[in-house]
K.L.:
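For reference, the structure I am asking about is given below.
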Amino acid sequence: MLLRMSTLFLRTLREDPADAEVPSHKLLVRGGFVRRAAPGVYSWLPLGKIVLENVARVVRDEMNAIGAQELLLPALLPREYYESTGRWTDYGDLLFRLTDRKGADYLLGPTHEELFALLVKGEYSSYKDFPVTLYQIQEKYRDEARPRAGILRGREFHMKDSYSFDLDDDGLRRSYAAHRGAYIRIFDRLGVDYRIVSAVSGAMGGSASEEFLATAPTGEDTYVSCTNCDYAANTEAVRTVVPDTAADPSAVPALLELDTPDTPTIQSLVDRLNAMDLGRTYTAADTLKNVVLKVTQPGETKYEVVVVGVPGDRDVDLKRLAESSLAPASVELFEADDWAEHPELVRGYIGPQVLAGIGIRYLADPRVRPGTEWVTGANRRGFHAAHVVAGRDFAIDAQVEAVEVRAGDLCSVCGGELRIDRGIEIGHIFQLGRKYTDAFEVDALGPDGKPVRITMGSYGIGVSRLVAAIVEQSHDDRGIIWPRAVAPADVHVIGTGKADQVEVALRIGEELRARGLRVIVDDRKASPGVKFTDAELLGVPTSVVVGRGLADGVVELRDRAGGERSEVPLDSVVELVAERIAAEG
RNA sequence: CGGGAUGUAGCGCAGCUUGGUUAGCGCGCCUGCUUUGGGAGCAGGAGGCCCCCGGUUCGAAUCCGGGCAUCCCGACCA
């Protein structure tokens, strides 16, 4: 490959686009890799397309290596497939929907479990056919409420999605492990810095699930990792351990009601307690906050009122409750109307002491363990109760992880301190199980002549998102620094401007190309400064400058990442560059 | 869906408060000459439904009303 910049369809921008916030968005637009076509929808220009294909090639390579077979399904899909698994409605507004001339409903595929399951059902029917893994790399569509950050979160994006089909759970585990290994090799080859974190499966259904997160402060996903061991998890899936702070319950005085007018919030309560001369100082962590929730089981229309207790210095993490602790039920906060319907619950002064008596389940965070002592509501407006001991003064129906995780919480594996960081979800692997094969009755006939229900795994990689994630991780104030595996070229040869220098640059470029390297030659009529600036913006790992040294028979070799420069003889530069790049592997 | 902001040339912006005749600046683009190791200089050009609709006015980019769109924060989100 040899691209001449004089004819390349490329226009770089001097200034950041006004709508860009994150580095990848700014640099990909400024470097002429992408252009916005609609909100969350981008055109990939020649250099961007090359980078995108480079990422796809690595993905394809490693997928093929684990025996997955590539195919291509339509992005335009009829409603019926998604109807039978409930996702036509479950996906809600996230689905791009359209109608054909006959009034039939279609959608643009957000992911393809249904179609793959049906495809396999249609083609395979014997146990001898399994296991099989299929994949595609394709545009996916999701009508995000708020697309943002350019390529990082678009409404149209490129995704590799693969699906494994196995006869039994062991097979599924093997397919899952094979994908996990492939993903590790893919992200290593792409030069991405990433973490593998435990995840919850969310709307996809299924059990075991891990996310691959590219570490980046601009990432949208928050994850927790241990500073002492390998444990890492998405904040919804994280498990923590709680230091044992329970006192000897027999040493705690009997429950004491306190007159605490106008203290509906934790802060107002703490201030009041400390003004009451109770012989000690209280903090928010000494109080017990009780949050009333409406919990609806799947398929039910009636909700159950549930109270969740957490230490007063913590907030309830609704997402964690809904997606992990109470899944698959849906969870909502009590609203004004609900309070009116339940006068037995005194808003702002709820205490768990009375809940058992009125038939409401009490779920407590692990920090609220039996034997711990709290100040909490007395179920009368303006009153609280002190010396309330869990297990003595109120019952706990279940312990659930309910609080927002904080840095410094303790690791459930080794007890080390946890930290919280942000990342970009670049891959996600699921052991789906039989949700889709049950829906479509995908069976294989076993050796005994009896049907076996197939079990599925589903595995995604955000190919276009990876391009942006790589830029997020690899840039400086001058531009992008591409890892070689994805760079738009191996070498950027710059003829600084004079005709003879450009001519030599083209000759060097041609010789490099003949050695199988991918080359960009800047043969434009432009001043050296312009060319240097563009080269740094575009981020090709190695560049060769043919300029003033030409009279002495030398050219300059530059390394984009480290910034090193060296003068080398003109007649050995091709050899040297080829060797160096070969040495990098 | 809630909060905030913005729509003026391909891109980035000024002008609007206080209405006035050819709507400006920088980058980019075109032509010529000069220049060529760090975003060149000089000269000359091309390019505008000032988001849309309506109103006020002799006159609207500017004032008023109503839409629409986009961006940011939040909610939501494999």
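So you know, we letter chains A, B, ... as the sequences are listed, proteins then strands, and number each from 1.
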K.L.:
Counting any heavy atom closer than 4.0 Å, what does A/Gly547 reach on the DNA or RNA strands: base, sugar-phosphate only, or nothing?
P.N.:
base
K.L.:
Using every non-hydrogen atom in the two residues, find where A/Pro488 and A/Phe33 come nearest and quote the distance to one decimal.
P.N.:
CG-CE2, 4.1 Å
K.L.:
Mind checking whether A/Tyr42 and A/His25 have parallel, tilted or perpendicular rings, split at 30° and 60°?
P.N.:
perpendicular
K.L.:
In whole Å, I'd like the distance from the NZ atom of A/Lys525 to the P atom of B/U31.
P.N.:
11 Å
K.L.:
Using atom types as modelled and distance alone, determine if a side-chain donor or acceptor of A/Asp552 lies under 3.5 Å from a backbone N or O of A/Val554.
P.N.:
no
K.L.:
Taking atom C1' in both B/C13 and B/U6, compute the distance separating them and give it to the nearest angstrom.
P.N.:
12 Å
K.L.:
Describe the nucleic acid contact of A/Arg465 in one word from base, sugar-phosphate, nothing, applying a heavy-atom distance below 4.0 Å.
P.N.:
nothing
K.L.:
Take atom P in B/C11 and the same atom in B/G20, then report the distance between them in whole Å.
P.N.:
27 Å
K.L.:
Nearest to the side chain of A/Arg11, heavy atoms from C-beta on, is which of B/G38, B/G37, B/G28?
P.N.:
B/G28
K.L.:
Could you state the atom-to-atom distance from CZ of A/Phe532 to C1' of B/A40 in whole Å?
P.N.:
14 Å
K.L.:
Can a side-chain donor-acceptor contact be found between A/His428 and A/Ser209 if the only test is distance below 3.5 angstrom?
P.N.:
yes
K.L.:
For A/Glu503, does the CD atom have more than 12 heavy-atom neighbours from other residues, nucleotides or ligands under 6.0 Å away?
P.N.:
no
K.L.:
Round to the nearest Å and state the distance from A/His492 atom NE2 to B/G38 atom C1'.
P.N.:
14 Å
K.L.:
Measure CG/A/Asp522 against P/B/G38 and give the value in whole Å, please.
P.N.:
15 Å
K.L.:
Classify A/Glu21 by what it touches in the nucleic acid, base, sugar-phosphate, or nothing, heavy-atom distance under 4.0 Å.
P.N.:
sugar-phosphate
K.L.:
Please check if any side-chain donor atom of A/Ser162 sits under 3.5 Å from a side-chain acceptor atom of A/Lys160, or the reverse.
P.N.:
yes
K.L.:
Tell me which residues in residues 25-40 of chain A lie within less than 4.0 Å of RNA chain B, going by non-hydrogen atoms.
P.N.:
A/Arg30, A/Arg36, A/Pro39
K.L.:
When the distance from CG of A/Leu152 to C1' of B/C72 is rounded to whole Å, what number comes out?
P.N.:
16 Å
K.L.:
In a check of salt bridge (Lys or Arg N to Asp or Glu O under 4.0 Å) between A/Glu220 and each of A/Arg422, A/Arg146, A/Arg148, which one passes?
P.N.:
A/Arg148
K.L.:
Just the rounded figure in Å: distance from P of B/G26 to CG of A/Leu13.
P.N.:
18 Å
K.L.:
Expressed as a whole number of Å, how far does the P atom of B/G24 sit from that of B/C71?
P.N.:
31 Å
K.L.:
Going by distance alone, is a donor N or O of one side chain under 3.5 Å from an acceptor N or O of the other, for A/Asn64 and A/Tyr135?
P.N.:
yes
K.L.:
Between the main-chain N or O of A/Leu506 and the side-chain N or O of A/Asp523, is there a donor-acceptor pair closer than 3.5 Å?
P.N.:
no
K.L.:
Once you round it to whole Å, what is the distance between P of B/G28 and CG of A/Asp534?
P.N.:
11 Å
K.L.:
Is the backbone N or O of A/Ile196 less than 3.5 Å from a side-chain atom of A/Glu210, with the two atoms forming a donor-acceptor pair by type?
P.N.:
no
K.L.:
Could you tell me if A/Thr111 and A/Asp161 have a donor-acceptor pair between their side chains, going purely by distance under 3.5 Å?
P.N.:
no
K.L.:
In dot-bracket form, how is RNA chain B paired, counting a Watson-Crick or G-U wobble pair only if both its distances are under 3.5 Å and using | for bases paired to another strand?
P.N.:
(((((((..((((......[...)))).((((((.....)))))).....(((((..]....))))))))))))....
K.L.:
Can you measure A/Arg548 atom CZ to B/G38 atom C1' for me and round it to whole angstrom units?
P.N.:
10 Å
K.L.:
In whole Å, measure the gap between the C1' atoms of B/U36 and B/U17 for me.
P.N.:
48 Å
K.L.:
Which heavy atom of A/Pro110 sits nearest to which heavy atom of A/Leu95, and what is that distance?
P.N.:
CG-CD1, 3.4 Å
K.L.:
Would you confirm whether A/Lys26, through its side chain, and A/Asp19, through its main-chain N or O, come within 3.5 Å as a donor-acceptor pair?
P.N.:
no
K.L.:
At less than 4.0 Å, is any side-chain N or O atom of A/Ser527 found next to OP1 or OP2 of B/U36? Yes or no.
P.N.:
no
K.L.:
If I pick the P atom on B/A69 and the same atom on B/C58, what distance separates them, to the nearest angstrom?
P.N.:
35 Å
K.L.:
Tell me what A/Arg558 touches on the nucleic acid: a base, only sugar-phosphate, or nothing, going by heavy atoms under 4.0 Å.
P.N.:
base
K.L.:
Tabulated below should be each protein N or O lying under 3.5 Å from an N or O of nucleotides 12-15 of chain B; please produce it.
P.N.:
from: B/G12; atom 1: OP1; to: A/Ala18; atom 2: N; distance (Å): 3.2
from: B/G12; atom 1: O2'; to: A/Glu15; atom 2: OE2; distance (Å): 3.4

K.L.:
So which one's nearest nucleotide on RNA chain B is more toward 5', A/Val555 or A/Glu220?
P.N.:
A/Val555
K.L.:
What's the gap between B/U70 and B/C33 when it is taken at their C1' atoms, as a whole Å value?
P.N.:
44 Å
K.L.:
Is the phosphate of B/C72, meaning OP1 or OP2, less than 4.0 Å from a side-chain N or O of A/Arg148?
P.N.:
no
K.L.:
Of the candidate nucleotides B/G38, B/G37, B/C73, which contains the atom at the shortest distance from the side chain of A/Arg146?
P.N.:
B/C73
K.L.:
For B/A9 and B/A23, measure between their C1' atoms and round to the nearest Å.
P.N.:
11 Å
K.L.:
For RNA chain B, whose closest nucleotide is more 5', that of A/Glu536 or that of A/Arg155?
P.N.:
A/Glu536
K.L.:
Between A/Ala505 and A/Val493, which heavy-atom pair has the shortest distance, and what is it?
P.N.:
O-CG1, 3.6 Å
K.L.:
Could you tell me how far B/G26 sits from B/G47 if I compare only their C1' atoms? Round to whole Å.
P.N.:
16 Å
